[in-house]
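Chain letters run A, B, ... following the sequence lines, proteins first, then strands; residues in each count from 1. Quick caveat, the model's predicted, so the values are computed rather than measured.
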Amino acid sequence: MSRYNVRETEAKWQAAWTERDCFKVAEDPSRPKYYVLEMFPYPSGRIHMGHVRNYTIGDVIARYKRAKGYNVLHPMGWDAFGLPAENAALERGVHPGKWTYENIAAMRGQLQTMGLAIDWSREIATCRPEYYRHEQKMFLDFLKAGLAYRKESWVNWDPVDNTVLANEQVVDGRGWRTGALVEKRKLSQWFLKITDFADELLSALAGLERWPEKVRIMQENWIGKSTGLRFKFKLSAGHEDLEVFTTRPDTLFGASFVAVSPNHPLAAKVAETNPALAEFIAECNRSGTSESAIETQEKKGFDTGVTAEHPFVPGWNLPVHVANFVLMEYGTGAIFGCPAHDQRDLDFARKYGLPVKPVVVPEGQDPASFDVGTEAYTGPGTIRNSQFLDGLDVEAAKQAAGERIERMGRGERTTIFRLRDWGVSRQRYWGCPIPVIHCESCGIVPVPEDQLPVTLPEDVTFDQPGNPLARHPTWKHVDCPSCGGKAQRETDTFDTFIESSWYFLRFADPRNEGAAFDPAKAGYWLPVDQYIGGIEHAVLHLLYARFWTRALERCGYTTGLKEPFDGLFTQGMVTHATFQDAQGKWLFPTDVEITGGKAVMREGGAPVTVGPTVKMSKSKKNVVDPAHIIDTYGADAARLFMLSDSPPDRDLEWTEAGIDGAWRYINRLWRMVTEPAAPLPPPGTPVPGELSQAAQDARRTVHKAVAAMGEDLERFRFNKAVARLRELSNALEKVDGKGAGEGWVLREGLEALVRMLAPMMPHLGEELWAALGHTTLLVDTPWPEADAALATEDSATVAVQVNGKLRATLHLPRDMAQDEAQAAALADPNVQRAMDGKPPRKVIVVPNRVINVVV
RNA sequence: CGGCGCGUGGUGGAAUUGGUAGACACAUUGGACUUAAAAUCCAACGACCAUUGGUCAUGCGGGUUCGACUCCCGCCGCGCCGACCA
């Protein structure tokens with residue numbers, strides 16, 4: 001029995017594709033285009049199983065669409081700026097650039113062993129000046145358009161990475177990369193005006209029909225739009241008016257206090273003369289915004305002694321507190337408290353003995369006796385005890401109160417967003433330099449465009465903490481482009497999320513030196529038809545890219561591109577069981593042997609504890625190296641396993657048994673084609689006049705499989721698509737070639753099988769296609785077409801139920817007349833027995849499916 | 001606390017979107033081939049009773065329906081995400 005030589009075969013076909021430039025594409029208006037993109041990798045040096053899954057999914061789509069006649073763009077690049085390169089420099093004394101480029105070379109080599117249908121001529125690396133110079137130009141254009149500005153502000157400081165983080169990059173009070181508790185620092189920072197697009201970024205989510213609901217909801221929550229009323233309280237003597245924001249102006253008459261954030265200017269002002277308050281503010285800042293401390297944190301306040309006059313009731317003065325639950329970052333940093341209808345306000349009021357006055361009475365409650373206990377009432381109802389609002393419902397009262405405030409000139413109805421502007425300055429070396437110059441006399445001067453790119457100096461040291469650019473002896477010293485005097489370069493670099501905010505556009509025109517891209521080329525390829533990546537970028541990268549696309553559009557870069565990614569698919573993680581030895585030390589799967597359900601050390605046989613199956617991670621050592629798998633089983637087996645069993649959006653458990661199963665199936669396919677059960681007629685032989693019954697049945701199976709397979713691939717149901725291939729294999733193995741035309745049918749079936757497995761197992765596909773006697777490449781062969789007539793069965797298996805219970809299954813002619821089908825069902829002995837001699841009261845006939853007899 | 005998702009054999013998962021629950025696999029068991037092992041092939045495989053056949057089964061409890069894994073109501077459990085957003 002011959003065996004499939006995977007290593008030689010895969011290398012052979014990869015060479016053949018490369019030699020013929022099979023995946024190199026150009027704009028071609030005569031064909032529909034299809035742009036498939038997987039989130040590009042950070043060049044860490046080695047690919048991991050997450051990459052394999054990501055790029056396998058993308059490649060299946062790219063190859064399938066290609067076979068369907070699309071002009072498919074499927075590029076690859078490197079998200080090459082970032083901190084790991086600097087850490088490597090720190091640890092090993094290697095320059096970040098050298099480290100990065102070597103990693104790129106290594107990873108490119110590994111990716112190429114996967115046999116991906118990628119146009120490598122379009123490869124980009126974001127750390128190259130040829131790439132980032134365009135991003136510097138974009139920034140200057142944003143600056144001109146007022147979309148970039150510099151501001152001193154409190155920023156999130158990651159003490160481990162020694163850099164600033166954007167709000168999106170702070171998770172639970174910690175840096176998203178380091179997990180270090182984020183500190184607050186006041187720094188001058190560059191910001192991009194993502195808030196300018198808040199409303200549009202929000203409303204356009206509804207049009208992203210091919211995005212997962214989950215991601216759209218996450219972005220919606222992140223943008224966080226609230227409509228309400230912004231208005232000013234008059235404060236007691238010596239204080240300026242205090243502006244608050246509320247979404248519940250209908251409850252204004254239920255107010256019992258006003259509260260400001262510990263970071264509010266008013267709090268600072270009062271604290272100047274009030275040491276106790278200063279101490280309270282310091283205490284609030286210590287407990288910070290970190291972790292779930294917030295969750296359990298008690299509502300605390302400090303009465304400033306200042307009072308605020310109710311806007312509708314002259315002489316009604318409310319106490320102004322500093323309260324630890326009021327956020328400076330949201331709204332105006334000040335609120336009015338209505339305890340009866342807001343849980344936080346209620347907790348606060350109960351603690352400090354403030355009045356709780358219900359003003360919204362739910363339907364069916366007696367207004368005279370309605371009261372709240374420990375739970376605030378936030379539902380609908382009728383307004384009471386509220387003068388001119390009395391009798392209105394909540395919505396009408398919101399409107400009436402808002403209008404009154406506006407007429408009084410005390411405020412306005414408005415919309416606010418949770419979204420903050422994007423802080424993009426980073427105090428790091430390995431990033432894109434921000435192209436501005438600080439001049440003492442001229443202020444901030446943009447680097448003239450003809451001086452771009454501002455490139456990174458090569459001779460830097462990492463022997464001390466902080467930014468090497470800032471302490472470089474010469475790099476930052478320049479003449480001011482405006483006055484010619486001595487000036488300094490900006491030494492901060494861009495957040496690396498900027499590079500990934502537009503790389504999908506660069507792929508449309510990657511070698512353009514004069515511009516980031518030609519609008520015509522971008523117009524042809526964009527938007528990305530199918531984007532594929534992990535859910536972890538749901539708000540970071542995917543929101544930034546949507547913003548950047550709009551910002552470029554405003555600056556005249558593109559020709560009406562609204563959204564960068566038309567379809568988004570978020571894949572699940574690759575998981576693996578975890579192993580620990582007796583001391584609790586994590587063990588690599590390669591060090592563990594599982595025999596008879598027991599796990600032991602491969603060396604020595606010491607017992608091993610099998611832990612939960614979780615995402616592969618270096619820290620838990622539950623990783624399997626894709627390079628090793630590809631070397632042993634081949635890329636096709638790895639790809640097949642990635643697609644089998646688990647739906648692509650769910651987690652996939654990597655198992656030794658699973659990859660073995662994939663490998664066995666590949667060999668089975670190899671034998672089916674190279675040692676067919678009957679001699680195959682040459683390719684292109686017309687249908688024989690006579691076909692045995694078995695041949696006709698097999699043919700039907702083939703055409704059914706083709707129809708189903710296309711449907712499954714279109715809908716990303718790769719696990720089912722694999723099952724279809726196996727079903728078809730099972731059916732074809734039953735054809736023995738003895739009857740009339742069976743050899744011909746076997747060829748038809750095998751050809752369909754090979755063409756359909758090609759997107760998943762492209763190397764095996766080519767090999768089998770050649771073995772079937774073809775001299776053309778399978779990659780240039782169109783997707784098979786199903787013949788609907790041939791795929792239709794002439795009989796149907798019909799379930800017969802009596803009172804909803806299955807009593808018989810009948811094989812009846814397809815589309816049989818309903819009364820005849822009913823008669824056949826009633827004649828069945830099992831059915832008659834179940835009917836127990838009673839006459840049918842009712843018979844439901846679902847054609848070709850079910851007959852239910854009710855007695 | 002809120003949002004989203006999930007709950008089906010020993011395991012991963014199917015179920016034409018209300019119509020034969022368990023496709024396709026993995027694991028297991030038995031058999032064939034082999035000196036032996038591997039590979040391969042054949043067979044069994046939700047549980048329980050049984051002689052043809054039947055009863056019970058999709059987290060639990062109710063409902064709608066001729067018919068519910070699927071729809072509705074109420075619970076329980078798991079996972080992910082967000083969390084003092086006024």
Quiz item: Does E536(A) have any side chain to side chain contact (heavy atoms under 4.5 Å, CB included) partners at least two apart in sequence or in another chain, and if so, which?
Solution: none

Quiz item: What is the glycosidic conformation of G10(B): syn, defined as within 90° of 0, or anti?
Solution: anti

Exercise. Please work out whether U28(B) sits syn or anti, treating a glycosidic angle within 90° of 0 as syn.
Key: anti

Quiz item: In the structure shown, which nucleotide is the Watson-Crick or G-U wobble counterpart of C4(B), with both distances under 3.5 Å?
Solution: G79(B)

Quiz item: Can a donor-acceptor pair under 3.5 Å be found between the side-chain atoms of R849(A) and the base atoms of U16(B)?
Solution: yes

Output the single nucleotide from [options] whose closest atom is nearest the side chain of [X].
X: T246(A); options: C41(B), A86(B), C24(B); value: A86(B)
X: N730(A); options: G13(B), A25(B), U20(B); value: A25(B)
X: L806(A); options: A86(B), A21(B), U17(B); value: A21(B)
X: N830(A); options: G19(B), C66(B), G53(B); value: G53(B)
X: K720(A); options: A14(B), C24(B), A86(B); value: A14(B)

Quiz prompt | R726(A) charged N/C atom sitting above Y665(A) aromatic ring, 6.0 Å / 45° | solution = yes

Quiz item: Using the C1' atom in both, what is the distance from G46(B) to A14(B), to the nearest Å?
Solution: 15 Å

Quiz prompt | Contact list for residues 638-659 of chain A, test salt bridge (Lys or Arg N to Asp or Glu O under 4.0 Å), sequence neighbours left out | solution = D59(A)-R639(A)

Practice problem: Say whether Q343(A) and D347(A), considering side chains only, have a donor N or O and an acceptor N or O under 3.5 Å apart. | Solution: yes

